[in-house]
Amino acid sequence: MKPHLQDLLRAALNAACAELGAAAPAANIVIDATKDKVHGDFASNLAMVCAKGLGQPPRKFAEALVRHLPASPRVAKVEIAGPGFINFFLTGDALSALLPEILAAGETWGQDRSGAKGKVMVEFVSANPTGPMHVGHGRGAAYGDTLANLLAATGYAVHREYYINDAGRQVDVLTVSVWLRYLEAGGETLSFPKRGYPADYIRRSAESIRAAHGAAFQRPAADLYRDLAPEPQLPEGADDKTKDAIKLQQEAYLDRLIERARALLGGEGYAQITRAALDDQLAVIRATLAAFHVRFDQWYSERALVESGFAKTAIERLHTAGYVYEKDGAQWLKTSDYGDEKDRVLFKADGAATYFANDLAYHVDKLDRGYPLLVDVWGADHHGYIARVRAAIEMLTQRKDALHVALMQFVTLSSGRMGKRSGNFVTLQDLIDEVGADATRFFYLARSHDQHLEFDIDLARSQSNDNPVYYVQYAHARICSVFRQLAEKGGTYDRDAGLAALARLDTEEEKNLLTVLGKYPELLQIAAGNRTPHTLAFYVQDLAAALHAYYNQHKFLIDDAELQNARLVLIEATRTVLRGALGLLGVEPKDSM
RNA sequence: GCGCCCGUAGCUCAGUCGGAUAGAGCAACUGCCUUCUAAGCAGUCGGUCGGGGGUUCGAUUCCCUCCGGGCGCGCCA
């Protein structure tokens with residue numbers, strides 16, 4: 001509808017300017033859906049935008065535009081209002097014309113599945129495989145999954161990927177933590193290191209290793225602690241400076257335990273525990289994401305990236321291009337040439353790669369795989385990391401727009417509900433178990449991602465009219481119920497007869513529902529283009545509200561067969577759009593409540 | 001100190017490219033079930049859009065500044 005009105009206005013603009021003997025301004029013509037029906041269906045500010053340049057009063061120029069506006073069967077009335085707005089009132093035919101389109105296209109109506117906009121890689125979640133996901137990861141999961149759906153629905157060929165951080169020191173900490181719990185379970189008495197991972201899930205990992213390997217990794221505690229200085233302890237009431245110093249010493253102690261573990265277990269034994277521990281944690285993560293209806297095309301291992309040698313090869317490329325230099329024994333990347341506040345270390349003085357080096361190599365691989373557009377979904381605590389990755393990507397591509405980072409602001413749980421279940425936090429799995437996948441997803445998505453989110457667990461789990469996700473699902477269920485009732489009464493639905501009688505849809509509620517349906521295609525473009533899935537979550541609530549208002553005011557199963565068929569066409573189309581939108585949100589439409 | 005996100009109704013939050021009288025849900029109050037599901041509908045109440053300047057036909061929106069909250073500023077990951 002908008003392009004049609006733009007065409008009309010453009011013609012009017014040319015004619016009106018010709019009359020004035022002036023060149024038509026090159027302004028792009030803005031058409032907005034009105035907030036208030038007294039202003040019609042669509043409005044344009046064109047007269048006010050052009051007035052100054054043409055030396056005309058806005059309202060007078062608006063009159064000239066309206067005078068030159070070509071007639072259109074879709075436009076019932078045009079008015080000038082306020083400081084010079086041009087308001088369009090559409091005919092009923094123009095509104096109902098989208099119903100046959102919706103029914104013909106089905107749930108993908110309004111979507112473009114062609115992939116013609118090219119390939120895009122969406123990397124999201126990528127939670128460390130050292131424990132279960134928490135409620136913050138859930139937000140990135142819901143956001144990333146729905147954003148990927150939206151991009152796929154608006155012409156992109158989308159690849160969804162999870163980067164597994166299964167290399168680096170954290171994996172050694174995981175390995176040692178599991179092994180120490182394993183030793184404890186085997187009867188050894190030891191003091192668990194302060195900086196290890198103490199949680200219950202570590203114990204369960206240790207138990208499953210014992211189930212698979214028996215006592216193969218059992219060693220005496222005496223060997224573990226031989227010639228090892230005891231772990232420094234934090235004194236009561238220490239100041240921050242002291243605390244930091246002690247923490248560093250405790251980390252160093254943990255490093256010594258890691259070395260001792262390698263020595264006592266041998267390379268192969270140590271690696272077996274690492275693999276088992278990682279597999280355990282990843283299995284939990286995969287299960288949670290499956291329960292959350294989040295799907296990935298690929299799980300990409302950092303460890304594999306390093307072991308294949310590509311991590312080094314990729315950095316070599318930057319070296320060859322002249323972006324890498326040596327200082328203080330370390331290899332640095334000149335990210336400050338591309339907007340970062342300082343240069344960053346790729347290889348430490350001891351030769352080890354930094355996390356940044358591997359992550360950068362990973363992004364090089366993404367580009368090598370032919371993705372001109374990369375979307376990374378990160379937690380807000382990583383925002384200080386954006387500049388360096390962006391700088392590196394710009395070095396590689398000479399483009400500023402190749403990488404888009406979407407930051408998820410923090411999630412807190414509603415007061416009084418910060419209970420500890422698995423270790424020292426509420427896991428995403430806990431939340432899904434308690435609230436359900438649909439409500440959890442909807443609550444995450446019904447908030448702008450750059451807004452701090454307070455997750456109201458009590459509201460989300462309430463099976464009541466307070467809960468917006470039920471409100472939307474109820475709208476869908478009500479439509480299903482109408483068709484069930486029709487069948488029970490032995491009635492028939494003649495869609496073609498309904499399509500032929502759309503002119504009968506002339507009540508206020510019907511026009512409003514049609515107006516909301518008509519906004520859907522453009523809304524998908526906006527939600528995908530701005531990367532704001534929450535606008536879709538708001539839309540389905542608007543659509544449900546329009547349906548409920550209609551349902552409450554009018555009956556669908558009536559004696560007037562023609563009108564009944566027309567109304568059934570309208571609610572069938574509404575159900576179709578609801579299903580399409582809920583599908584993108586990853587929320588299940590329910591046939592009954 | 002510097003950088004990023006944020007500040008909108010009692011609460012939780014929308015507000016697209018600068019547009020008309022700033023919206024929704026919850027809470028409070030009033031109506032509506034003999035009728036396709038009341039997990040619903042209709043209405044009332046509720047605002048210095050954090051404060052102050054600036055830009056212009058017009059600012060919640062853009063710029064400056066101050067106040068308040070969160071996060072980040074490693075040869076950690």
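The analysis underlying the following values was restricted to heavy atoms, covering all of them including side chains, and did not include hydrogens, waters or symmetry mates. Computed from a predicted structure; not experimentally measured. Just so it is clear: chains get the letters A, B, ... in the order the sequence lines come, proteins before strands, and each one is counted from 1.
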Between C1' on C36(B) and OH on Tyr550(A), what's the gap in Å once rounded to a whole number? 12 Å
Does a side-chain N or O from Arg59(A) land closer than 4.0 Å to OP1 or OP2 of C57(B), or not? no
Heavy-atom nearest nucleotide on RNA chain B taken for Ala549(A) and for Gln485(A); more 5' hit belongs to Gln485(A)
Checking Val306(A), Leu278(A), Asp166(A) against Ser301(A) for side chain to side chain contact (heavy atoms under 4.5 Å, CB included), the one that qualifies is Asp166(A)
Between G19(B), C36(B), C13(B), which one does the side chain of Phe85(A) approach most closely? G19(B)
Check whether the aromatic ring of His39(A) stacks on the base of A20(B), taking stacking as ring centres less than 5.5 Å apart and planes within 30° of each other. yes
Looking at G3(B), which nucleotide sits across from it as a Watson-Crick or G-U wobble partner, both distances under 3.5 angstrom, or is there none? C71(B)
Interatomic distance where CE belongs to Met593(A) and C1' belongs to A38(B) [whole Å]: 13 Å
For Asp560(A), is there an ion pair with Arg504(A) - N to carboxylate O distance below 4.0 angstrom? yes
Output the rounded distance in Å from NZ (Lys489(A)) to C1' (U35(B)). 8 Å
What nucleotide among G69(B), A77(B), G40(B) has an atom nearest to a side-chain atom of His452(A)? G69(B)
Considering only heavy side-chain atoms of Tyr470(A), the closest of G15(B), G19(B), A39(B) is A39(B)
Rounded distance [0.5 Å steps], NE2 in His476(A) versus OG in Ser592(A): 11.0 Å
When rounded to whole Å, the NZ to C1' distance for the pair Lys2(A) and C17(B) reads 10 Å
Return whichever of Glu341(A) or Lys35(A) has its heavy-atom-nearest nucleotide of RNA chain B closer to the 5' end. Lys35(A)
Glycosidic conformation of C33(B), taking syn as within 90° of 0 and anti otherwise: syn
Positions of residues 383-393 of chain A (non-hydrogen atom under 4.0 Å from RNA chain B), listed by number: His383(A), Gly384(A), Tyr385(A)
Return yes if some donor-acceptor pair links the side-chain N/O of Arg59(A) with the main-chain N/O of Gly82(A) below 3.5 Å, else return no. yes
Answer with base, sugar-phosphate or nothing: what part of the nucleic acid does Asp172(A) contact at a heavy-atom distance below 4.0 Å? nothing
His363(A) side chain vs Asp359(A) backbone, donor-acceptor pair below 3.5 Å: yes
Can a side chain N or O of Lys348(A) be found less than 4.0 Å away from OP1 or OP2 on G74(B)? no
Need one value for Tyr551(A): base, sugar-phosphate or nothing, where a base atom within 4.0 Å counts as base even if backbone is also close, heavy atoms only. base
Does Gln451(A) make a side-chain N or O approach to OP1 or OP2 of A14(B) shorter than 4.0 Å? yes
Tell me which nucleotide among C36(B), G15(B), G40(B) gets nearest to the side chain of Thr535(A). G15(B)
Between the base of G72(B) and the side chain of Asp381(A), is there a donor-acceptor distance below 3.5 Å? no
Verify the distance criterion only: is there a donor paired with an acceptor across the side chains of Tyr300(A) and Asp365(A) at less than 3.5 Å? yes
